[in-house]
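Below is one structure. I have some questions about it.
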Amino acid sequence: MSEELEVDGESNAPIWAAFGDLMSVLLGAFVLILVGVIGMQLQLTSKLEQETKQRQEEQQRRITLEQALAAPLAAGRVTLVNGRIGIRGNVLFALNSDQLQPEGRDVLKSIAGPLTNYLKSREEILMVSGFTDDQAVHDGNRRFADNWELSAERSLTVTRALIAEGVPPSSVFSAAFGSEQPVGSNADEEGRAKNRRVEIAPIPKPSATDAKAHGP
């Protein structure tokens, strides 16, 4: 009788061992899955916190810029949409000209100080962008080959004027868009007047890594 029990015990031992191995494998797999799920949740939480922080920083940036430009905004001399400062072309320049008008120079004087103070606490620089309508440059005007050149010279004029009023040269640059970025219809004069404009937009300052990536 005892011999039979011993035999049965010996035959059951491999079964229990296999069952134990299976449970170990299942437990290990469960732990791996749990760790993976927790890791994904942590990544999602971190990403959400980062996006929330970026949105808050962007909102604070706009509030700071609005406060810095409170006076010229209240006077209706500039607009501020999505962080971009807009100035009508007819305020700054005569038609087909890149020479600042007195009113335009006064506007730039009024915003140069606030922009300089704004930049002191930010890792940003100013992009001054020139835009035109889609009408060809007048035939009698030989100074500019086309709207690209006109928009480029206007943005340079505004950039130089801001520097002359105290904006650090290292904190501002110019860009030209010609007629390629309209904000109004070019089918009527009202829309074309809106398209003839200069915009000043704070953008992140290039890092050393960016400079190396775009280097020779």
Side-chain angles (χ1 to χ4, degrees), residues 42-74 77-89 91-93 98 100 104-105 107-132 147-184 194-216:
L42 290 174
Q43 287 180 352
L44 290 173
T45 301
S46 177
K47 185 177 180 181
L48 180 60
E49 290 177 349
Q50 186 177 3
E51 290 177 351
T52 301
K53 183 179 179 180
Q54 288 176 346
R55 285 196 295 268
Q56 290 174 342
E57 289 177 350
E58 176 65 17
Q59 181 64 22
Q60 185 58 45
R61 184 180 72 82
R62 292 181 182 180
I63 292 173
T64 302
L65 194 57
E66 287 176 0
Q67 292 173 344
L69 298 172
L73 282 169
R77 310 185 84 177
V78 300
T79 60
L80 183 61
V81 180
N82 295 327
R84 301 177 70 88
I85 305 162
I87 310 174
R88 285 283 189 94
V91 172
L92 295 169
F93 308 102
D98 66 339
L100 274 177
R105 192 172 296 279
V107 169
L108 295 179
K109 284 182 179 181
S110 71
I111 67 175
L115 284 174
T116 301
N117 291 331
Y118 171 83
L119 290 171
K120 288 179 181 178
S121 60
R122 314 288 303 187
E123 286 297 315
E124 295 178 334
I125 58 177
L126 300 177
M127 180 173 71
V128 180
S129 305
F131 304 85
T132 69
N147 282 322
W148 285 104
E149 187 173 352
L150 175 59
S151 66
E153 290 300 327
R154 285 182 167 182
S155 66
L156 281 171
T157 297
V158 171
T159 299
R160 289 168 178 148
L162 290 174
I163 292 172
E165 294 300 328
V167 176
S170 60
S171 297
V172 60
F173 70 98
S174 62
F177 291 86
S179 61
E180 298 304 314
Q181 302 289 334
V183 293
K194 291 180 180 179
N195 294 333
R196 297 191 296 269
R197 69 197 190 279
V198 170
E199 291 182 353
I200 305 170
I203 64 171
K205 183 180 294 186
S207 64
T209 303
D210 294 333
K212 290 180 181 179
H214 294 87

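The structure displayed is predicted, hence computed values, not measured ones.
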Determine whether Ile85 and Leu115 satisfy the following criterion, side-chain contact (heavy atoms from CB on, under 4.5 Å), listing intermediate values before the conclusion. CA-CA 10 Å; Ile85 305 162; Leu115 284 174; 3.7 Å; yes
From Lys120 atom NZ to Arg122 atom CZ, the distance as rounded to the nearest 0.5 Å: 15.0 Å
For the residue pair Ser155 and Gly130, what are the closest heavy atoms and their distance? CB-N, 3.6 Å
So, taking the atom named OG in Ser171 and the one named CG in Leu162, what distance separates them when rounded to the nearest 0.5 Å? 11.5 Å
Check whether any side-chain heavy atom of Pro168 sits under 4.5 Å from a side-chain heavy atom of Thr116, and report yes or no. yes
Side chains of Arg196 and Phe131: closer than 4.5 Å at any heavy-atom pair? no
Under the criterion side-chain contact (heavy atoms from CB on, under 4.5 Å), I'd like the reasoning laid out for Ser129 against Arg84: C-alpha separation, chi angles, the key distance, then a yes or no. CA-CA 10 Å; Ser129 305; Arg84 301 177 70 88; 4.3 Å; yes
Spacing of CD belonging to Glu51 relative to CG belonging to Leu44, to within rounding of 0.5 Å: 10.0 Å
State, with a plain yes or no, whether a side-chain heavy atom of Val183 is found less than 4.5 Å away from one of Arg197. yes
State, yes or no, whether a side-chain contact exists between Leu92 and Leu108 at a heavy-atom distance under 4.5 Å. yes
Rounded at 0.5 Å granularity, tell me how far CG in Asn195 sits from CD in Glu180. 11.0 Å
Return the OG to CZ distance between Ser174 and Arg160, rounded to the nearest 0.5 Å. 7.5 Å
Non-hydrogen side-chain atoms of Ile200 and Val172 separated by less than 4.5 Å: no
Taking it one step at a time, do Ile125 and Leu119 satisfy side-chain contact (heavy atoms from CB on, under 4.5 Å)? CA-CA 7 Å; Ile125 58 177; Leu119 290 171; 5.7 Å; no
Side chains of Val91 and Arg77, heavy atoms from C-beta outward: is any pair under 4.5 Å? no
With rounding to the nearest 0.5 angstrom, report the CD1 to OG1 distance, Ile163 to Thr159. 6.5 Å
Exactly one of Val158, Ile111, Val128, Thr79 clears side chain to side chain contact (heavy atoms under 4.5 Å, CB included) with Ile87, and that residue is Ile111
Does Tyr118 reach the side chain of Gln67, with side-chain heavy atoms less than 4.5 Å apart? no
Taking the side chain as C-beta and beyond, is there a heavy-atom pair between Thr157 and Phe93 under 4.5 Å? yes
If you compare all heavy atoms of Pro182 against all heavy atoms of Ser179, which two are closest, and at what distance to 0.1 Å? CD-O, 3.7 Å
Looking only at heavy atoms, the pair that brings Ser151 and Gly178 closest together is OG-N, 3.1 Å
Smallest separation among heavy atoms of Pro202 and Gly83, with atom names: CD-O, 3.3 Å
